[in-house]
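Structure, as structure tokens:
Chain letters run A, B, ... following the sequence lines, proteins first, then strands; residues in each count from 1. These figures come from a predicted structure and were not determined experimentally.
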Amino acid sequence: MKDHQTDFQPVHRQFFSQPTLSLAKALLGTVLVKVDPEGITAGYIVETEAYMGPDDQAAHSYQNRRTKRTEIMYHQYGFAYIYRMHTHCLFNVVSGGEDSPEAVLVRALEPFEGLAIMQTRRGSQKGVDLTNGPGKLTKALNITMADYGHLLTKSPLFIATGYHPTRVSIGKRIGIENSGEAVDYPWRFWITDNPYVSRHQKTESIEEQERP
DNA sequence: ACATCGATGTGCT
DNA sequence: GCACATCGATGTG
């Protein structure tokens with residue numbers, strides 16, 4: 001992990017061009033940064049899930065369902081796909097080329113900068129509860145529907161380079177029980193043993209990551 | 001570990 | 001009109 005600093009370096013746009021399952025893993029250890037009048041909040045991405053498009057029963061783009069909500073998924077990789085569920089906004093990175101509507105859901109962060117701001121936004125919650133869930137992290141970073149469609153290489157919302165985790169765990173995705181066969185696909189990735197992961201679920205496998 | 005309830009837009013009919 | 005959702009907070013055991 002790097003030292004505490006504020007000179008976040010946005011990833012190059014081409015970072016998002018890799019296949020979606022690779023991207024979901026590659027996002028682990030990068031930093032999600034949000035800039036607001038209140039200040040900067042940022043955290044290491046420690047948990048992601050891949051949503052694989054028209055053939056993935058759990059994806060919003062299943063069977064090419066192209067609506068106002070999913071429209072951005074049909075654009076080029078690198079944009080923010082944000083949608084509302086109940087009272088929460090969930091943040092995804094659009095993956096795949098045009099007309100390849102895939103995305104990576106960011107499910108948990110390890111806070112890195114702006115802890116005090118996150119705490120006020122999260123009310124009474126503290127510790128791991130600040131950002132250990134997809135709805136929690138958007139509230140902590142003030143990511144809202146206003147950020148829908150934003151290109152993630154520049155302020156006020158971007159992905160910055162971070163560190164390369166040594167071990168990544170792989171398992172089933174969360175909260176998609178009503179998705180037929182897709183419930184069992186091992187498309188959830190998290191940094192092994194990171195305390196900010198949203199749910200401690202049985203690990204399907206652990207991969208040692210290569211040094212780049 | 002499990003249960004329940006909140007609360008709101010979206011997409012379909 | 002209406003079912004339902006990539007969830008969270010709080011409660012109990």
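Each of A:Leu105 and A:Asp129 was assigned the nucleotide of DNA chain C with the nearest heavy atom; the assignment lying further toward the 5' end belongs to A:Leu105. Heavy-atom distances to DNA chain B give each of A:Met145 and A:Thr87 a nearest nucleotide, and the one nearer the 5′ end belongs to A:Thr87. Nearest-nucleotide mapping onto DNA chain B: of A:Thr67 and A:His88, the residue sitting toward the 5' end is A:His88.
Taking the six-membered ring for Trp and the full ring otherwise, the centers of A:Phe112 and A:Phe8 sit less than 6.0 Å from each other.
Side-chain N/O atoms of A:His60 include one lying less than 4.0 angstrom from OP1 or OP2 on C:dT6. Phosphate proximity of C:dT10 to A:Gln125: present, with a side-chain N or O under 4.0 Å from OP1 or OP2.
Here A:Tyr51 packs flat against the base of C:dT6; its ring centre is closer than 5.5 angstrom to the base's six-membered ring, tilted by less than 30 degrees.
Note on A:Asn178: only backbone sugar-phosphate atoms sit closer than 4.0 angstrom, heavy atoms only; bases stay farther off. Nucleic acid contact class of A:Arg122 (heavy atoms, under 4.0 Å, all strands): sugar-phosphate only. If you check every strand for non-hydrogen atoms under 4.0 Å, A:Ile176 touches sugar and phosphate atoms only. Looking at heavy-atom distances under 4.0 Å, A:Lys139 makes no contact with the nucleic acid at all. Residue A:Arg107 is classed as a sugar-phosphate contact, given heavy-atom separations below 4.0 Å to backbone atoms only.
Side chains of A:Tyr77 and A:Gln14: a donor-acceptor N/O pair is present below 3.5 angstrom, by distance only. Between A:Gln201 and A:Arg188, the side chains place a donor N or O and an acceptor N or O closer than 3.5 Å (distance only, hydrogens not considered).
Summarising the geometry of A:Thr30 relative to A:Ala160, their closest heavy-atom pair is CB-O, 3.4 Å, with the distance given to 0.1 Å. For the residue pair A:Tyr62 and A:Pro54, the shortest heavy atom distance occurs at CD1-O, 3.1 Å.
Separating the CD atom of A:Glu47 from the P atom of C:dC7 is a distance of 10 Å, rounded to the nearest angstrom. Atom-to-atom, CZ of A:Phe91 to P of C:dC7 comes out at 16 Å; the value is rounded to the nearest Å. As a whole-Å value, the separation of A:Met85 CE from C:dT6 P is 5 Å. Between the CG atom of A:Leu130 and the P atom of C:dG8 there is a distance of 13 Å, given to the nearest Å. In this structure, A:Glu177 places its CD atom 15 Å from C1' of C:dC4, rounding to the nearest Å. Summarising the geometry, the separation between OH on A:Tyr62 and P on C:dA5 is reported as 14 Å, rounded to the nearest angstrom. If you take CZ of A:Arg84 and C1' of C:dC4, they are 16 Å apart, rounded to a whole angstrom. For the pair A:His86 NE2 and C:dA9 P, the interatomic distance rounds to 14 Å; values are reported in whole Å.
No cation-pi contact links A:Arg84 to A:Tyr148, judged by a cut-off of 6.0 Å to the six-membered ring centre and 45° from its axis.
Ring geometry, A:Trp187 versus A:Tyr185: the interplanar angle falls from 30° to 60°, so the pair is classed tilted.
Checked against A:Val104 for a side-chain contact (heavy atoms from CB on, under 4.5 Å), the options A:Ile45, A:Leu27, A:Asn92 give a single hit: A:Leu27.
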Annotated structure of DNA chain B as dot-bracket, pair cut-off 3.5 Å, Watson-Crick or G-U only, | for inter-strand, is ||||||.|||||.

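Ranking C:dG8, B:dC12, C:dT6 by closeness to the A:Tyr83 side chain, first place goes to C:dT6.
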